[in-house]
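The analysis underlying the following values was restricted to heavy atoms, covering all of them including side chains, and did not include hydrogens, waters or symmetry mates. Naming: A, B, ... by sequence-line order, numbering from 1 per chain.
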Amino acid sequence: MSDLETLSASVTALEESIATTNGGLDVFYLLFAGAMVFFMQAGFAMLCAGSIRAKNVKNIMLKNILDACGGAVGFWTIGYAFAYGGADSSKLTFIGNSDFVLANIHDGGSLIGWFFQFAFAATAATIVAGTVAERCKFEAYIAYSLMLTGFVYPVVVHSIWSSSGFLSAFTDDENKFLGSGMIDFAGSGVVHMTGGVTALFAAKILGPRIGRFYDADGNELPEPVSFPPHSVALQVLGTFILWVGWYGFNPGSTLGISPAGYADVAALCAVTTTLAAASGSVSAMMTDMIMTRKATGETMYDITMCMNGALSGLVGITAGCSVCEPWAAFVIGIIAGWVYIFFSSLLVKLKIDDAVDAIPVHFGNGMWGCIATGLFASPGLVANAYGTPNNGLFYGGANAGKLLGVEIVGILFIIGWVGVIMIPYFMLLNAMGLFRVDALEEEVGLDISHHKGAAYDMSGPSEDAKEKYEISTSQRKLVVPADDGEENA
Amino acid sequence: MSDLETLSASVTALEESIATTNGGLDVFYLLFAGAMVFFMQAGFAMLCAGSIRAKNVKNIMLKNILDACGGAVGFWTIGYAFAYGGADSSKLTFIGNSDFVLANIHDGGSLIGWFFQFAFAATAATIVAGTVAERCKFEAYIAYSLMLTGFVYPVVVHSIWSSSGFLSAFTDDENKFLGSGMIDFAGSGVVHMTGGVTALFAAKILGPRIGRFYDADGNELPEPVSFPPHSVALQVLGTFILWVGWYGFNPGSTLGISPAGYADVAALCAVTTTLAAASGSVSAMMTDMIMTRKATGETMYDITMCMNGALSGLVGITAGCSVCEPWAAFVIGIIAGWVYIFFSSLLVKLKIDDAVDAIPVHFGNGMWGCIATGLFASPGLVANAYGTPNNGLFYGGANAGKLLGVEIVGILFIIGWVGVIMIPYFMLLNAMGLFRVDALEEEVGLDISHHKGAAYDMSGPSEDAKEKYEISTSQRKLVVPADDGEENA
Amino acid sequence: MSDLETLSASVTALEESIATTNGGLDVFYLLFAGAMVFFMQAGFAMLCAGSIRAKNVKNIMLKNILDACGGAVGFWTIGYAFAYGGADSSKLTFIGNSDFVLANIHDGGSLIGWFFQFAFAATAATIVAGTVAERCKFEAYIAYSLMLTGFVYPVVVHSIWSSSGFLSAFTDDENKFLGSGMIDFAGSGVVHMTGGVTALFAAKILGPRIGRFYDADGNELPEPVSFPPHSVALQVLGTFILWVGWYGFNPGSTLGISPAGYADVAALCAVTTTLAAASGSVSAMMTDMIMTRKATGETMYDITMCMNGALSGLVGITAGCSVCEPWAAFVIGIIAGWVYIFFSSLLVKLKIDDAVDAIPVHFGNGMWGCIATGLFASPGLVANAYGTPNNGLFYGGANAGKLLGVEIVGILFIIGWVGVIMIPYFMLLNAMGLFRVDALEEEVGLDISHHKGAAYDMSGPSEDAKEKYEISTSQRKLVVPADDGEENA
């Protein structure tokens with residue numbers, strides 16, 4: 001190989017070869033990240049089921065599975081098209097309009113992109129399941145899920161993540177809202193607030209479970225009654241699965257790992273995600289412990305606080321994971337723990353019944369995540385991750401406050417948009433008697449009334465069988481002392 | 001660097017460098033995919049254990065762990081050698097014959113290939129555990145597992161996936177069966193049918209659990225009795241783990257991600273896998289709901305249907321995940337839900353007792369997956385994934401029907417080969433009294449009779465301890481009201 | 001492109017491009033591996049919780065979550081700096097001294113390196129939780145965890161894995177201990193022994209649970225009492241999660257996959273890890289079965305043996321996974337099963353109470369892993385993985401015995417260092433009454449006494465509700481036979 005032409009051909013071949021490698025690497029990256037995010041479905045199922053009473057376990061888990069399935073169908077048919085179809089960074093649109101049912105899409109990058117985005121849509125949908133558990137009709141839940149993944153959520157995605165969205169950070173400079181665009185890297189707002197605020201509207205309209213704030217006749221109880229979780233083991237398992245899945249959710253939101261600089265962003269996301277989860281957990285648990293000690297004199301460490309604190313930290317760092325320093329992630333997590341406790345208490349005061357405290361975690365800390373980004377985003381890291389010159393309020397400078405402004409507009413947009421669609425929808429369902437199971441079904445539990453029977457049967461062998469077996473065993477021992485229940489060999 | 005020689009050396013170094021990168025990327029890809037497939041062992045363990053009665057949980061889980069361990073040993077010593085050893089695409093052989101115990105193999109590609117293939121072998125073995133649960137002798141199960149992973153399964157792999165196999169799509173053109181070779185991308189046939197048909201033979205020969213179709217004295221019951229699953233939570237967890245693991249199973253079956261075109265195939269697999277699981281789940285549940293409503297007038301949503309429907313969709317798309325369009329995957333999943341219901345009812349009619357309905361899922365839909373590939377394989381996608389000019393029946397053309405023919409031959413081969421070996425084997429075990437536990441052991445449960453005691457002890461503290469503790473706590477409160485159980489600080 | 005200058009520029013661009021790709025690939029690799037190792041936290045939580053009595057489940061799981069959170073904070077603030085900060089292969093130091101709180105670190109490689117190392121630190125911490133379960137004070141546990149992840153463990157890491165460590169294999173040749181340095185690839189010693197020996201000291205000082213070897217009044221029982229695990233299902237789930245996580249733990253310890261040769265090492269690790277787990281499991285279970293049959297005449301297969309055997313094999317291969325042939329891994333696993341049984345019996349004889357048998361698994365087999373490396377390390381594989389000319393005793397040659405010597409020194413160093421710090425620490429806690437809960441709290445369980453109530457509430461609907469529901473259902477059926485609980489449609 002000494003001839004210039006040959007060498008030139010080799011170089012061209014190498015360039016193609018590297019492009020192929022990078023393409024493979026990035027598809028693999030999103031396959032990994034998407035699978036991790038999909039795994040979060042198992043986390044939500046375990047966490048929600050563990051948090052409620054044993055008599056409704058089948059119901060909640062069925063909802064968890066079916067919103068993933070419905071999410072796949074809804075996002076395949078229309079959702080993805082509405083979210084990303086036909087985006088053009090030079091002009092703003094309300095909704096996408098191509099690539100329905102993935103027709104004519106065969107390149108790996110787009111296909112795996114759909115897979116990753118589907119997993120996010122399913123996450124947004126499943127957040128609601130827990131809040132409305134133990135009294136929401138199954139059919140209403142499924143209808144709502146399809147609507148969310150097929151239409152409501154895709155519009156939010158389009159507005160904030162598509163390059164044609166009016167709040168997007170990826171549109172042309174002249175189209176960027178306040179010259180900045182919203183930074184919501186992995187979706188504190190887009191995913192968690194959308195799910196969380198839907199849960200809030202649903203819980204308000206659906207009303208509390210019987211016996212939580214009011215008795216079966218509608219009389220207010222002297223004080224709110226907490227229903228103990230039926231299995232803390234499932235809750236913990238779910239929490240850990242969610243935490244692990246977040247390592248796909250946040251770092252994966254670079255959408256690739258091969259382009260220059262992406263690896264730095266992804267690695268930072270892994271670190272900030274870890275620190276916010278850790279500090280959120282400690283913050284919520286210790287704060288609760290101190291408050292409880294002041295109120296009752298007893299020192300109690302509450303594992304629910306610990307788990308929801310970790311999840312709060314995770315939601316809180318999701319928007320800014322790529323643009324905050326590790327120390328800022330630590331601070332964001334601590335505040336996330338307090339945000340959780342505040343919203344959780346507020347719901348009780350407002351007599352809004354959230355069976356798994358998903359509203360404080362996803363809505364409260366979804367908002368906090370967006371605001372925190374507007375406060376803590378470091379100029380250098382924003383430049384790395386977004387290539388734009390804006391930063392959080394605390395870093396001052398010419399752009400101080402602009403980003404925070406956009407984040408607040410984004411929060412208001414999500415609440416408003418979801419409210420405009422879902423409040424009338426839930427009210428209509430409610431007025432038609434399609435939203436809530438009847439009181440007797442609620443009392444006996446949804447598993448018996450709608451799903452063919454209880455989720456558990458922990459009974460062992462009958463006493464009679466045990467007795468017969470023991471007699472038989474001891475008799476055989478008398479006859480063949482060193483060989484029980486086997487042929488003589 | 002202005003001299004041609006130097007530049008040429010740099011280019012050569014770059015070519016080596018990219019080859020190294022690609023090698024690393026592909027090993028990483030199979031490490032990821034293999035670990036995901038291995039994780040499915042946990043899924044099977046949870047799903048099987050959840051589906052049966054509490055008194056046999058230790059037994060089934062022990063079988064699940066041990067078939068993975070036995071699978072590793074069996075596949076390391078002889079299985080891998082039989083499956084892939086000494087393959088030569090220019091001539092057909094019945095079985096491989098080199099690389100026993102991985103002797104002299106040190107390159108990363110081969111080693112990680114073994115790891116990935118081992119995880120598949122373990123999957124094939126573990127499918128049977130659920131079907132024969134609650135009455136199969138432990139020793140018989142272990143002996144069978146070793147035989148399957150060490151010999152029976154490797155021959156199937158060799159025939160269909162090795163480049164020397166008589167049904168292989170990877171052999172030289174002149175050796176391809178019907179000029180096509182069987183397309184079973186990730187193993188609807190090779191893995192799921194092999195496990196599923198073994199389960200069918202085993203269940204038939206072993207007989208049903210006492211009290212399912214016949215009472216303890218062998219009298220037929222007026223109608224079949226279903227034993228309720230002891231924990232739906234474990235079932236759901238298992239189902240989600242299996243679904244997640246399938247993202248290693250199907251996309252991972254490209255066996256690499258760096259070569260040109262592989263990323264497109266892998267990404268397509270992720271999409272088709274998702275859609276078939278989703279539509280299978282909805283199809284089975286809704287069909288069952290409608291059938292139940294017609295029969296009883298009650299509207300019941302059955303989570304077992306939902307889970308087994310999803311798994312049926314997954315098995316059904318496994319053969320064709322790389323060669324079917326997303327819409328075809330959606331259709332294949334819907335039909336997979338019906339195939340599941342049909343085979344499940346058929347087993348009840350034939351009085352074959354499958355404790356976890358693995359036969360309908362893995363055998364029924366394993367067959368459906370192969371047939372579906374013969375119907376829906378798109379010519380363009382087959383060309384991408386296999387480089388051959390065949391396609392499914394529905395696409396017509398010169399080759400229409402040929403592929404379907406090969407798929408059917410493949411199905412018959414798997415049933416025949418497994419039957420020739422396993423039917424006599426199970427009958428021999430049965431005749432010697434080594435296959436089934438005695439009736440008393442079955443009644444008391446295998447955990448007490450073979451595994452040192454029950455799997456659960458959910459008892460909390462004694463009432464006495466609780467009373468003493470309450471008295472003590474209230475007394476301490478009287479003395480030190482604001483500080484319980486701690487030193488004064 | 002026919003001009004030499006242009007071509008030269010293209011080549012330079014390609015070199016940068018490949019470096020970027022490799023950087024992305026390696027960050028992705030450690031993100032994957034770190035997430036898998038972090039997932040092991042869920043495995044430990046499930047395994048520990050399943051192994052103990054239901055009345056202490058919240059307590060153990062809270063400890064498991066919090067040592068991960070505390071580990072993140074401790075390792076971020078000081079631990080990582082002590083372990084790796086300012087390392088310089090030309091001189092030995094006792095402890096690192098830079099990069100506290102990751103200040104000024106923005107490159108992806110370092111950030112993801114922290115993430116991966118944090119997950120290891122959390123693993124070392126969580127090993128202790130199980131051993132001291134059911135009687136250790138919550139505050140003492142948290143204080144200890146922070147100390148371990150922040151100081152004790154980092155010093156061990158520094159000594160053996162940092163390039164400035166006195167036992168390190170990565171320091172300059174003239175600084176290598178015995179001319180070799182310790183081979184502890186993924187941490188049989190560094191992680192598992194450090195956690196395991198801490199557990200041993202803690203268990204000895206803390207004393208056994210009431211009713212295990214002594215009654216509540218301190219009288220010795222006629223023979224040791226085993227408390228049955230409250231949920232074997234959780235144990236099995238935990239074991240499988242740990243096994244899967246080990247595919248991040250061991251192969252991930254290459255710390256990258258793009259450099260030449262790394263992929264071969266990583267793939268070998270996946271194979272040896274699999275084989276040792278499998279053979280360890282079978283070895284422990286079969287050995288126990290034979291011993292039990294000799295003692296009692298009954299043939300019992302013990303799932304606890306099977307699980308702890310697999311974990312023992314995994315711990316045992318962790319040090320040498322990159323330098324042992326597959327056959328050696330198989331042998332190491334078999335012996336690991338025996339090591340487990342030996343240490344487990346020894347603890348009972350010494351009346352040291354380990355609630356989950358973590359000491360035999362992590363301390364016993366952590367030692368065995370180091371020694372096994374000194375015996376079985378193949379010269380060719382050591383050259384591949386470490387680039388040094390040493391090997392295990394069984395391979396003979398000029399260096400025979402040197403490596404084994406270093407491994408033994410490493411074992412003694414870990415025991416000594418941990419002992420010097422932790423024994424006085426635990427004794428002090430004990431003397432001050434801060435280490436162990438009081439007897440009444442232990443009897444009633446820690447969940448009630450410290451964590452607001454029981455971990456489970458499996459109660460279904462009241463009998464009254466069920467009766468009312470049945471009456472209502474049958475009445476409605478009389479009126480609207482084909483439509484239950486729904487409006488007429």
Undergrad: Under 4.5 Å heavy-atom distance to chain C, tell me which part of A455(B) shows up: side chain, backbone, both or neither.
TA: both
Undergrad: Determine the minimum heavy-atom distance between V444(C) and A465(B), stating which atoms define it.
TA: CG2-O, 3.9 Å
Undergrad: Between M300(C) and H450(B), which heavy-atom pair has the shortest distance, and what is it?
TA: SD-C, 3.3 Å
Undergrad: What side chain to side chain donor-acceptor pair (under 3.5 Å) pairs are there with at least one residue in residues 257-270 of chain C, not counting sequence neighbours?
TA: D26(C)-S258(C)
Undergrad: With side chains defined as the heavy atoms from C-beta onward, is the minimum distance between M46(B) and L237(C) less than 4.5 Å?
TA: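 In short, these two side chains touch, coming nearer than 4.5 Å.
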Undergrad: Relative to the ring of F32(C), is the ring of F28(B) parallel (under 30°), tilted (30 to 60°) or perpendicular (over 60°)?
TA: tilted
Undergrad: Would you check if E298(B) and T473(C) make a side-chain contact, meaning some heavy-atom pair closer than 4.5 Å?
TA: yes
Undergrad: Quick one: sort the F330(C) and W76(B) rings into parallel, tilted or perpendicular, breaks at 30° and 60°.
TA: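 It falls in the tilted class, 30° to 60°.
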Undergrad: Write down the atom of P461(B), the atom of K55(C), and the distance for their closest heavy-atom approach.
TA: CD-CB, 3.8 Å
Undergrad: If I compare all heavy atoms of G24(B) with all of A263(C), which pair ends up nearest, and what's the gap?
TA: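 Heavy atoms of G24(B) and A263(C) come nearest at CA-CB, 3.8 Å.
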Undergrad: A side-chain contact here means heavy atoms from C-beta on lying under 4.5 Å apart; do H451(B) and D302(C) qualify?
TA: no
Undergrad: Is K452(B) salt-bridged to D288(C), going by a charged N under 4.0 Å from an acidic O?
TA: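 Yes, this pair counts.
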Undergrad: Is the gap between the ring centers of Y247(C) and F39(B) under 6.0 Å?
TA: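 They do not qualify: ring centres at least 6.0 Å apart.
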